[in-house]
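Here is the structure we will look at.
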Amino acid sequence: MVTFLQHGASPTPTIMVMEPQTLCTRRRLLSCAAELGWRRPPGTPPACDLGGCPAAQRGPDVSPMRLTRCQAALAAAITLNLLVLFYVSWLQHQPRAARGRGPRRAAATGPRVTVLVREFEAFDNAVPELVDSFLQQDPAQPVVVVADTLPYPPLALPRVPNVRLALLQPALDRPAAAARPETYVATEFVAVVPDGTRAETPGQLERMVEALRLGGARLVAAPVATANPARCLALNVSLREWTARYGPAPAAPRCDALDGDAVVLLRARDLFNLSAPLARPVGTSLFLQTALRGWQVQLLPLRFAAARQPPLATAHARWKAEREGRARRAALLRALGVRLVSWEGGRLEWFGCSKETTRCFGTVVGDTPSYLYEGRWTPPCCLRALRETARYVVGVLEAAGVRYWLEGGSLLGAARHGDIIPWDYDVDLGIYLEDVGSCEQLRGAEAGSVVDERGFVWEKAVEGDFFRVQYSESNHLHVDLWPFYPRNGVMTKDTWLDHRQDVEFPEHFLQPLVPLSFAGFVAQAPNNYRRFLELKFGPGVIENPEYPNPALLSLPGSS
C-alpha cells in the first residue's frame, strides 16, 4: 500500500511503501489525491479525475502542475513496490545454502545422511519416537521408513517432505521406481537404524561419517543401549559349501559382523549395490553379503539411546516377533543359499532339506547336478541325509549277511576324503546278487515300494535291474544298490548305464573285502582299492579330482 502523509502546511507529500498486495487501485486514487488537497470542481465529469480530461475541461481551481506531481509520486511508489516484489521472489528461488550464514546453516553444509528404518514390527513398534528424535536434532534430516506392505496399524509419521514411507511390494497403481528404496535416498551415506533407537546427542551421525572416511572399514556402527547391544563377531561365508560360520572376532572393534542392536552407517552406493540390500532380518542379511565381499565393520565407542517407550514390551508381542523373526530368517537364508549356520560355540542350525521336505535339487542330467553350474557343491543338508541313509543301509545289509562294498564315486570319496565327494549327489554300493534274498527289505522291494519303520523307502529302480533306498517319501536323496554276480572270475551285472566307471572287474578285488572309513562310519571296500579305482576311472584318479562329466563341466583349477 502507498500512503501519503501531509506534514503541516508543506505542499510536499511523504510517501511510505507498504505490502505489494495492498497497492492503491484506480478506484482508490481519488481518496489518495484527496489527501493531497485536490477536489473535483463543480460540474467536472468524473472521467477528468486525476488529469483524465484536457486542461480546457478542468475547473479554474485545478492545478496541472500539482496533479502531475501526484501522478509521478504514485508511479514511483508502484515501481518501487514492483522492485521489492521482484527482489523477494528472486531471493526465495536461491539455494538454501546461499542464504543466511548462521551457526545452524553451517552445520547443514556438512555430510548428509539418510536415516533408513527397516527393522520393525508393524503390530508393535517405536518408529514414530525414533523418527521424531532424529528430527529434533535436525528438522531437515532425511528419513525413509521401509516396509514390504503398508503397515497396519498405520505409522504416525510426521507429515513433512523429508520423511518418506517406501513400500517394497509392487502395486498396480505405482511406478516401478516406487518399490525401490534407493529412489528415496539422495545422500551419500545411509544409516540403517533399528527400531527402539533414539537420537539424543547432536552430531552422532556426522561423527560416524568422519569415522567411516578416516578408517579403513566399509561400514561403521554404534551400539544402541537396549537389552541387546551390538558386539563384534567373525563371519566366514562359503557359497560353495552353502555355509555361514560365526566365531569370536580376533581384532575387535574391527569385525565381519555384529550381533545385537546397532546403528550401521555405510555409503548409499555400497548398500544398494548388494543383491538384497534390505532383506529381513536386516542384520543377518547385511553382514552375510558384506562379509562375503570382505567388507569389515568398525564398532565405534559412541552409543545411541534406547527408546523411552521401547517396542515389544509385552510377553505376547515378544513371542509374536520371535516367531515371525525365525520364519523370516529361515526364508532369507534359503533364498541366499545358506543351508547351514555354525554359531559361535559350535552350535549348528540347518536351513536345508529334511525328511519332511524335498531335496535341494531336481533331476540330475548328464551326471552333473544343477548346483555345479552355480559354482556350488552339494548342499550340506543333502550330504547329511546321504550319510544318514548310507549308514542305515549298511547296517541293514550287515545285519542280514549281505555282502556289499563301496562302489564308483563313493569308493573314490572314501579313498580321497574318507567321506562322500563334496560334489556327489548319491551313494553307490555293490552287492552280491545271490544275497538279495537274505534281506527282508530287498525282497519286499522286488515286489513294490517298501517304507520301513524308520521312514526310508526301499524300491526297485525304474532305470534298470538295481535297488534304491530313498531318504524318505518326500526327499529322494538315495543310496543305489548294484547287484553283481561272478562269471568266469569276473564280476558283472545285468544293467549297464552310461557311466565311465560302469565296467566289469575281476572278483579277486572282493576276496577279501577290507574296512575303509566313509561318511562317519566304517564300510567294506575292495582290497587294493587304488588299482580297483584306476581300473574304473583311469590312472591317478585319487590325486586328480574331477567332476563326474568333464565334457559338460570341469572342476575349476583342474588340468
Side-chain angles (χ1 to χ4, degrees), residues 364 366-367 386 389-390 393-418 420-421 424-439 441-443 445-446 458-469 478-519 521-551:
V364 176
D367 293 337
L386 286 174
T389 307
V393 170
V394 164
V396 171
L397 297 178
E398 289 179 344
V402 176
R403 289 167 291 175
Y404 76 92
W405 60 94
L406 294 169
E407 257 292 345
S410 299
L411 178 61
L412 182 57
R416 186 187 292 154
H417 309 283
I420 300 170
I421 293 175
D424 208 353
Y425 54 89
D426 64 4
V427 171
D428 292 308
L429 299 177
I431 60 173
Y432 271 87
L433 177 60
E434 61 185 282
D435 293 344
V436 169
S438 303
C439 178
Q441 288 86 343
L442 291 177
R443 289 197 311 270
E446 288 189 301
W458 299 70
E459 62 186 6
K460 203 72 173 289
V462 297
E463 299 96 320
D465 191 17
F466 63 99
F467 298 93
R468 178 164 289 159
V469 184
H478 58 264
V479 173
D480 285 336
L481 303 175
W482 300 92
F484 283 84
Y485 56 90
R487 184 173 60 191
N488 300 323
V490 175
M491 298 300 292
T492 188
K493 57 189 176 74
D494 294 332
T495 296
W496 300 94
L497 302 180
D498 190 20
H499 299 159
R500 59 174 175 165
Q501 72 271 20
D502 205 7
V503 298
E504 298 178 333
F505 59 90
E507 187 180 12
H508 67 74
F509 282 109
L510 307 180
Q511 296 175 344
L513 294 167
V514 298
L516 189 62
S517 295
F518 176 72
F521 62 96
V522 176
Q524 297 298 307
N527 61 71
N528 201 349
Y529 53 80
R530 174 179 287 275
R531 287 187 58 194
F532 183 87
L533 288 168
E534 291 183 343
L535 170 68
K536 293 200 169 227
F537 293 98
V541 64
I542 296 177
E543 292 77 19
N544 299 293
E546 184 54 275
Y547 282 162
N549 192 341

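Numbers here are sequence positions counted from 1.
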- Please step through side chain to side chain contact (heavy atoms under 4.5 Å, CB included) for the pair Val396 and Val469, ending with a clear verdict. CA-CA 11 Å; Val396 171; Val469 184; over 6 Å; no
- Task: Decide side chain to side chain contact (heavy atoms under 4.5 Å, CB included) for Asp435 and Leu442; before the verdict, give the C-alpha distance in whole Å, the side-chain angles of both, and the deciding distance to 0.1 Å.
- Result: CA-CA 10 Å; Asp435 293 344; Leu442 291 177; over 6 Å; no
- Would you check, one step at a time, whether the test side chain to side chain contact (heavy atoms under 4.5 Å, CB included) holds for Asp480 with Val427? CA-CA 6 Å; Asp480 285 336; Val427 171; over 6 Å; no
- Show your working on side chain to side chain contact (heavy atoms under 4.5 Å, CB included) between Leu481 and Trp458 and close with a plain yes or no. CA-CA 10 Å; Leu481 303 175; Trp458 299 70; 4.2 Å; yes
- May I have the step-by-step check of side chain to side chain donor-acceptor pair (under 3.5 Å) for Asp367 and Tyr547, ending in yes or no? CA-CA 9 Å; Asp367 293 337; Tyr547 282 162; over 6 Å; no
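Across Tyr485 and Lys493, no two heavy atoms sit closer than the pair CE2-CA, 3.8 Å. Here the closest heavy-atom approach between residue Phe509 and residue Asn528 is recorded as CE2-O, 3.8 Å. Of all the heavy atoms in Ser438 and Val402, the pair that sits closest is CB-CG2, 4.4 Å. Scanning both residues, Ser517 and Ala414, for their nearest heavy atoms gives O-CB, 3.7 Å. Here the closest non-hydrogen pair linking Leu386 and Asp424 is CD1-O, 4.3 Å. Scanning all heavy atoms of the two residues, the minimum distance from Pro526 to Leu406 falls at CD-O, 3.8 Å.
Taken to the nearest 0.5 Å, the CH2 atom of Trp482 stands 10.0 Å off from the CG atom of Asp465. Distance check: Arg416 CZ to Ile421 CD1 gives 5.0 Å after rounding to the nearest 0.5 Å. In this structure, the separation between CD on Glu407 and CG on Leu412 is 11.5 Å, given to the nearest 0.5 Å. For the atom pair CZ of Phe505 and OG1 of Thr492, the computed distance is 9.5 Å after rounding to the nearest 0.5 Å. Leu510 CG to Gln524 CD: the interatomic distance, rounded to the nearest 0.5 Å, is 11.0 Å.
For Asn527, the side-chain hydrogen bond (donor to acceptor under 3.5 Å, both in side chains) test picks out no residue, with sequence neighbours left out. Partners of Tyr529 by side-chain hydrogen bond (donor to acceptor under 3.5 Å, both in side chains), not counting sequence neighbours: none found. With sequence neighbours excluded, the residues forming a side-chain hydrogen bond (donor to acceptor under 3.5 Å, both in side chains) with Glu507 are Tyr432, Gln511, listed by chain and number.
Contact check for Leu516 versus Leu411: side-chain heavy atoms found under the 4.5 Å cut-off. Taking the side chain as every heavy atom from C-beta outward, Phe537 and Asn544 never approach each other to under 4.5 Å.
A donor-acceptor contact shorter than 3.5 Å is absent between the side chain of Glu534 and the backbone of Val541. Of the possible polar contacts, none joining the Thr389 side chain to the His478 backbone as a donor-acceptor pair under 3.5 Å is found. With Arg468 contributing its side chain and Glu459 its backbone, the two residues share no donor-acceptor pair below 3.5 Å. The main-chain N or O of Glu434 is never found under 3.5 Å from a side-chain atom of Arg403 such that the two would form a donor-acceptor pair.
The side-chain tip of Lys460 points at the ring of Phe467 from less than 6.0 angstrom away and within 45° of straight on.
Taking the six-membered ring for Trp and thresholds of 30 and 60 degrees, Phe484 and Trp405 have ring planes inclined between 30 and 60 degrees apart.
Applying the 6.0 Å contact sphere to CZ of Arg531 captures no more than 12 heavy atoms from other residues, nucleotides or ligands.
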